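Worth saying up front: this structure is predicted, and the values here are computed from it rather than measured.
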There are 2 protein chains.
Amino acid sequence: MARKPLRLDQFMPYRLSVAANRVSGAVASAYDRLFALSVPEWRVIAVLAESEGATQNAIGQKTAMDKVTVSRAAISLAGRGLIERSPNPRDGRSHMLSLSREGRNLYRRIAPKALELEADIFSVLSQEDLARFREALDHVARKAAELSGKRD
Amino acid sequence: MARKPLRLDQFMPYRLSVAANRVSGAVASAYDRLFALSVPEWRVIAVLAESEGATQNAIGQKTAMDKVTVSRAAISLAGRGLIERSPNPRDGRSHMLSLSREGRNLYRRIAPKALELEADIFSVLSQEDLARFREALDHVARKAAELSGKRD
DNA sequence: GTAAATTGGTTTCAATTGTTACCAGCTTCA
DNA sequence: TGAAGCTGGTAACAATTGAAACCAATTTAC
């Protein structure tokens with residue numbers, strides 16, 4: 001590979017980080033403003049909307065969030081009546097989580113907003129560029145995970 | 001735009017965030033392990049290597065870091081003798097920062113490692129895909145910043 | 001020239017985040 | 001069985017982060 005000088009503003013990890021921070025800042029502030037939800041809370045809701053009755057553990061797997069983070073989000077959501085916890089018949093330690101009616105209603109209001117916001121931000125890319133971008137992200141993420149010895 | 005259901009694992013802000021976290025996790029842990037530097041500290045050093053005698057303010061601008069973050073990094077680096085602060089003749093409140101000899105030496109050792117790591121992670125993309133990816137990131141970041149009313 | 005508003009930088013404080021320790025409950029295996 | 005180890009989830013703690021208050025130096029406006 002050709003020797004090139006290091007310039008911070010050309011350094012990919014830096015750029016990626018700045019871009020991701022901007023995007024997740026915009027998204028997070030929208031969730032918070034519109035629905036008083038943190039990002040982890042929103043993720044938990046999104047997963048439950050897709051797959052009813054997941055355990056916290058399962059949610060953690062799916063979302064690449066730490067189990068502590070999931071736990072906190074779940075406690076807070078349950079406190080607000082947005083999700084319900086029923087005992088897991090297969091395992092006395094864990095609960096099956098599911099959306100309450102209220103939670104489902106909230107989700108129905110959030111989902112379109114989220115898609116709209118996504119469309120808004122990523123509309124700067126053509127359909128094809130977006131597809132490539134998506135793939136590139138995937139490859140890069142996988143490689144980085146591999147380098148730091150993370151299970152994927 | 002076609003109505004599509006919301007699936008978290010297809011949701012771009014989510015994917016971007018996961019990818020960026022993985023990459024910056026890998027990078028951060030390498031800096032820490034090899035040179036005992038945090039990411040902000042590393043960024044300050046990188047900027048100073050390019051442009052001697054910047055003020056903290058200028059560094060903040062360039063790196064999209066908060067002034068508090070820059071301040072803390074600068075204090076810590078000065079404490080370790082990696083940078084020097086000379087009074088700014090143009091403004092009595094601020095200091096001109098520059099790398100000490102030691103700092104410059106450290107930089108000379110870090111830079112190749114950083115480039116190597118970058119090459120390693122992003123080698124999963126072809127030269128052309130990388131160029132596109134870079135551009136896409138840029139567009140997306142700009143758009144997100146615009147949406148949340150940030151100066152760019 | 002001086003009061004008012006602004007800006008570079010640091011400190012203080014509160015909120016978020018991850019790490020470690022911990023407590024059931026479950027499994028394994030003798 | 002029942003002791004030893006594992007796993008889901010929570011709690012307690014420490015470290016990071018950013019926001020707001022703050023200080024001193026500077027600029028602006030009268």
Validation row: A/R80, A/L37 side chains within 4.5 angstrom (heavy atoms): yes
Whole angstrom value for the distance that separates P of C/dA14 from CG of B/D66: 18 Å
Note: A/R132-A/E135 ion pair, threshold 4.0 Å (strictly below): no
Outermost DNA chain D nucleotides near chain A [under 4.0 Å, heavy atoms]: D/dT7 to D/dA11
Sugar-phosphate, base or nothing in reach of B/T69, heavy atoms under 4.0 Å: sugar-phosphate
Hphob cluster co-occupancy, A/L99 + A/I75, side-chain heavy atoms under 4.5 angstrom: no
Geometric class of the A/W42/A/Y107 ring pair [parallel <30°, tilted 30-60°, perpendicular >60°]: parallel
Side chain to side chain donor-acceptor pair (under 3.5 Å) partner of B/Q56, chosen from B/H95, B/K67, B/R85: B/R85
Annotated protein contacts, base or backbone, on nucleotides 7-12 of chain C with a non-hydrogen cut-off under 4.0 Å, one of B, S, - each: BSBBB-
Residue list, side-chain contact (heavy atoms from CB on, under 4.5 Å) with A/R108, at least two apart or on another chain: A/R104, A/N105
Considering all heavy atoms, the nearest A/G53-A/S98 contact: N-CB, 4.2 Å
Note: B/R142-B/D138 ion pair, threshold 4.0 Å (strictly below): yes
